[in-house]
Asker: 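Please see the structure below; I have some questions.
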Amino acid sequence: MKIQNLTKFQKRVLGLVRQIPKGKVTTYKMIAKVLRRPKAQRAVGNALNKNPKPIKIPCHRVVRSNGQIGSYKLGQRKKIKLLEREEIIIKNKRVQELDKYLFRW
DNA sequence: CCTGGGGCAGCCG
DNA sequence: ACGGCTGCCCCAG
């Protein structure tokens, strides 16, 4: 079975996301910034879309910078459920008090 | 609330 | 290799 053909960029994105603990979240934009590619948020999203291990690598903890949930490979429903299961308050498809849950590298 | 345009790694022909 | 698209985005108006 074939391991990963992931690009360097993708690996770095996933590597960061893997560090986000339960109950915390981050944004596409922040990841882009940490990777020193401040305008590549969309590319970050694309990289997450290729996440090979949705469980091990919690890309559901990555939301939009305005608190909106954003999309998810397995469906937005699922993403919301997973987040709520981690005690994150979501109302009208938007994380309440985003800054309170933000994870900092 | 909605709209348009910017920006960028990957993918595909 | 090359150019055009696409998409888990963002922000100004």
Side-chain angles (χ1 to χ4, degrees):
Chain A
M1 103 163 83
K2 152 171 269 204
I3 317 291
Q4 323 272 321
N5 16 11
L6 293 176
T7 65
K8 211 136 199 190
F9 181 76
Q10 289 167 162
K11 284 181 186 168
R12 276 188 285 168
V13 171
L14 296 175
L16 284 176
V17 170
R18 189 153 50 181
Q19 304 173 33
I20 307 172
K22 198 183 301 181
K24 291 284 181 184
V25 302
T26 189
T27 70
Y28 300 99
K29 186 185 178 183
M30 261 179 216
I31 293 175
K33 188 173 274 187
V34 171
L35 293 181
R36 315 250 162 190
R37 216 133 267 132
K39 296 179 199 158
Q41 342 84 353
R42 203 155 187 188
V44 168
N46 287 333
L48 292 180
N49 192 30
K50 303 263 165 25
N51 183 355
K53 311 243 173 201
I55 308 156
K56 187 95 196 263
I57 305 176
C59 62
H60 63 278
R61 297 183 187 138
V62 184
V63 300
R64 294 199 183 187
S65 59
N66 64 1
Q68 292 189 111
I69 305 306
S71 192
Y72 188 55
K73 182 91 159 300
L74 310 176
Q76 195 185 54
R77 286 285 118 66
K78 188 86 177 172
K79 187 165 180 178
I80 292 175
K81 284 212 165 222
L82 288 169
L83 289 172
E84 289 180 329
R85 192 173 296 166
E86 301 181 0
E87 317 290 309
I88 289 173
I89 311 296
I90 295 172
K91 199 191 294 179
N92 291 334
K93 298 188 174 181
R94 185 185 271 267
V95 175
Q96 303 301 121
E97 310 199 64
L98 180 59
D99 45 308
K100 184 172 107 177
Y101 300 112
L102 283 179
F103 173 67
R104 324 265 177 188
W105 279 279

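Bear in mind that the values here come from a model prediction, so they are computed numbers and not experimental data. A note on names: the letters A, B, ... follow the listed sequences, proteins ahead of strands, and every chain is numbered from 1. Below, all heavy atoms of this structure are taken into account, side chains as well, without hydrogens, waters or symmetry copies.
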Asker: With a non-hydrogen cut-off below 4.0 angstrom, is A:Lys39 in contact with a base, only sugar-phosphate, or nothing?
Answerer: sugar-phosphate
Asker: Strictly below 4.0 Å: does A:Ser71 bring a side-chain N or O up to OP1 or OP2 of C:dG7?
Answerer: no
Asker: Ignoring the backbone of A:Phe9, work out which of B:dC11, B:dA9, C:dC11 is nearest its side chain.
Answerer: B:dA9
Asker: In Å and rounded to the nearest 0.5 Å, what is the NZ to CD distance from A:Lys33 to A:Gln41?
Answerer: 10.5 Å
Asker: DNA chain C: A:Ala43 or A:Val63, which has the more 5' nearest nucleotide?
Answerer: A:Ala43
Asker: Nearest whole Å is fine: how far is B:dC11 C1' from A:Gln10 CD?
Answerer: 10 Å
Asker: If we take the P atom in both C:dC8 and B:dG5, what is their distance in whole Å?
Answerer: 22 Å
Asker: Give the nucleotide from the list C:dC9, B:dC8, C:dC8 with an atom nearest to the side chain of A:Tyr72.
Answerer: C:dC8
Asker: From the set B:dC8, C:dC8, C:dG7, return the single nucleotide nearest to any side-chain atom of A:Lys73.
Answerer: C:dC8
Asker: Looking at CG of A:Leu102 and CG of A:Leu98, how far apart are the two atoms once the value is rounded to the nearest 0.5 Å?
Answerer: 4.5 Å
Asker: What is the distance from atom CZ of A:Arg37 to atom CD1 of A:Ile31, rounded to the nearest 0.5 Å?
Answerer: 14.0 Å
Asker: Could you check which of C:dC8, B:dA9, B:dG6 has an atom nearest any side-chain atom of A:Arg37?
Answerer: B:dA9
Asker: What integer distance in Å separates A:Arg36:CZ from B:dA9:P?
Answerer: 16 Å
Asker: Given C:dG7, is OP1 or OP2 found less than 4.0 Å from the side-chain N or O atoms of A:Asn46?
Answerer: no
Asker: Decide if atom NZ of A:Lys78 counts as having more than 12 heavy atoms of other residues, nucleotides or ligands within a radius under 6.0 Å.
Answerer: no
Asker: C:dC10 P sits how many Å from A:Ile31 CD1, rounded?
Answerer: 10 Å
Asker: Using the criterion of both pairing distances under 3.5 Å for Watson-Crick and G-U wobble pairs, give all stems of 3 or more consecutive pairs involving DNA chain B.
Answerer: B:2-6 with C:9-13, B:8-13 with C:2-7
Asker: Return the OG1 to CZ distance between A:Thr26 and A:Phe103, rounded to the nearest 0.5 Å.
Answerer: 8.5 Å
Asker: Can we say A:Lys24 and A:Glu86 salt-bridge, meaning some charged N sits less than 4.0 Å from an Asp/Glu carboxylate O?
Answerer: no
Asker: Between C:dC8, B:dC8, C:dC9, spot the one nearest the side chain of A:Gln41, thanks.
Answerer: C:dC9
Asker: Expressed as a whole number of angstroms, how long is the span from A:Ile20:CD1 to C:dC8:P?
Answerer: 18 Å
Asker: Can you measure from CG (A:Asn51) to CG (A:Leu14) and round to the nearest 0.5 angstrom?
Answerer: 5.5 Å
Asker: Whole angstroms only, please: what is the CG-P distance between A:Leu83 and C:dC8?
Answerer: 17 Å
Asker: Would one find a side-chain N or O of A:Arg42 under 4.0 angstrom from OP1 or OP2 of B:dG7?
Answerer: no
Asker: What is the distance from CE of A:Met30 to P of C:dC11, rounded to the nearest Å?
Answerer: 11 Å
Asker: In a check of side-chain contact (heavy atoms from CB on, under 4.5 Å) between A:Cys59 and each of A:Asn49, A:Leu48, A:Val44, which one passes?
Answerer: A:Leu48
Asker: Separation of A:Lys78 atom NZ from C:dC8 atom P, in whole Å?
Answerer: 18 Å
Asker: A:Asn5 has an atom CG; how far is it from atom P of B:dA9, in whole Å?
Answerer: 19 Å
